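Computed from a predicted structure; not experimentally measured.
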Amino acid sequence: MATNDTEEFSQIRDVEEPLLHEQSPLHVATAQQKPPNTPPPATTLCNSFGEWTEDGIGLTVALLIYLGVIAISESGIELSGQYASDNKWPLGAAVSGFLVAYAPHYGLGKAFNLEAYAVVILIAVVARAIGDYTILSHSGLSASLWGIVIGICGRTFCGLDLKAKGVVSGEYFVKVGVTLLAMDFTSIVSIGLPGLMIAWGDTLIVLTVGVLLNYRFMNFDIKDSIVIAGATCICGSSAATALSSSLHDPSYKDETCKTIIALMGLFNAPLMPLMPLGKTAFGLNPAVVGAWIGGSIDSTGQVTASAQMGGDAVLKTAVIIKMAQNILIGPLCLLFTGTFQKSFQPSILVSKFPLFVVGFLLTSAITTAFLHSDAASSDIKDTLISNSWYLSEWFTLIGFACIGLEIDLRAFVAKKNAAQHHVLVAYLMIQSFDLISTFGW
């Protein structure tokens with residue numbers, strides 16, 4: 001059954017490494033404590049054993065932080081104002097970063113490596129300090145870019161393999177940050193039909209073309225074709241693991257899924273600083289640039305990193321488009337489970353629905369009600385948005401540092417795996433078509 005996903009896919013999602021090194025001993029030990037057919041932590045608060053999942057912990061942490069943001073805002077404290085200008089932010093940022101990082105380890109019963117997270121947070125603080133220089137930030141060289149660049153250098157040239165030390169994936173921090181990126185629903189509705197056409201219409205077109213290219217011309221089987229195309233045009237690793245578990249039997253070890261996750265992490269890196277140049281260098285409409293980024297770059301974390309370099313208007317549109325794309329995961333998993341495993345289970349629509357999208361909608365609903373309330377003053381309303389976005393940027397920056405630390409350029413160049421290079425060619429073809437078709441809308 002599709003709901004009985006194997007522990008292997010949990011390992012793929014938890015490891016989510018761009019260069020496919022071996023699982024950490026800690027994770028293997030954890031996996032061996034459960035029966036072989038244990039389903040993985042899905043995108044629900046708890047799995048079928050009643051245990052917390054990483055996504056469930058992330059959603060809970062983000063909502064608790066958001067409640068704290070409301071309380072701080074009502075007291076008149078603006079984090080991006082005097083607090084930041086007095087250079088108090090490094091201490092507060094470090095403490096909040098450690099607390100958010102500790103939550104999944106406590107909830108999942110995993111060891112917490114303080115030194116490893118100290119390195120991650122130090123990279124984020126340095127990236128933030130560099131990105132605060134006006135000339136750099138106005139040139140699109142923001143803290144998001146520096147977090148990824150420093151992380152890549154640390155992994156490639158210094159051998160900082162923090163994933164092996166038990167550090168959670170960068171996507172965890174990014175999802176916390178995206179949940180805190182609370183928006184007024186009126187701005188979400190403003191994308192209208194063109195936005196939905198990009199998020200849903202164009203995505204389904206790219207998925208169809210990608211599957212046909214892989215199956216007809218690249219000689220992949222139909223299941224691998226769907227995994228590669230779906231991961232490329234929807235939302236990266238989340239789509240890859242969800243689609244793979246819907247297509248294959250629980251005992252199947254999907255190496256194609258692992259490979260495409262690694263390639264997306266590596267080859268989307270140059271797109272992140274280049275695509276915002278459409279606004280900063282060529283003067284394109286921020287909404288157009290945001291839609292292009294949100295519809296073309298694979299993972300939610302990389303979309304957020306790229307869009308932040310283009311400014312708030314680009315970020316808003318990009319995040320809304322990517323949120324809408326994520327909604328497609330559930331219906332597609334239901335379709336492919338019914339087609340390939342002959343099992344129709346509507347519960348997939350819930351189990352595969354990304355929790356951070358739920359969190360984003362919840363915080364946006366609260367923000368909308370707050371902004372349109374007559375009881376709150378305009379100053380408090382502005383402070384709420386400012387504080388929420390300030391913390392969102394910080395936690396996503398920690399995520400970008402983790403994402404950078406997962407990319408080892410030298411290890412990828414050294415690999416001589418023909419199967420991985422075959423997947424690379426397929427990925428580059430679909431990604432190129434996605435970039436062109438999305439911009440065409």
Would a distance-only check, ignoring hydrogens and angles, find a side-chain to backbone donor-acceptor pair under 3.5 Å from S386 to D382? no

Could you tell me the separation between the CG atom of L391 and the CD1 atom of I65, rounded to the nearest 0.5 Å? 7.0 Å

Is W394 close to V125 at the side-chain level, that is, under 4.5 Å between some pair of heavy atoms? yes

Rounded to the nearest 0.5 Å, what separates atom CD1 in I385 from atom CG in D312? 10.5 Å

Distance col, row Y66:OH vs T179:OG1, nearest 0.5 angstrom, shows 11.5 Å

Tell me which one of V174, I293, L271 satisfies side chain to side chain contact (heavy atoms under 4.5 Å, CB included) with V303. I293

Quick one: does S388's side chain have a donor or acceptor within less than 3.5 Å of a partner on L384's backbone? no

Under 3.5 Å, side chain of N387 to main-chain N/O of I77, donor-acceptor pair present? yes

Kindly indicate, with the supporting measurements, whether the criterion side-chain hydrogen bond (donor to acceptor under 3.5 Å, both in side chains) is fulfilled by D434 and T438. CA-CA 6 Å; D434 194 9; T438 303; 3.0 Å; yes

Does W146 reach the main-chain N or O of V126 with its side chain, forming a donor-acceptor pair under 3.5 Å? no

Please check this pair: side chain of K322 against backbone of I234, looking for a donor-acceptor N/O pair closer than 3.5 Å. yes

Tell me whether T363 contacts the main-chain N or O of F360 through its side chain, where contact means a donor paired with an acceptor under 3.5 Å. yes

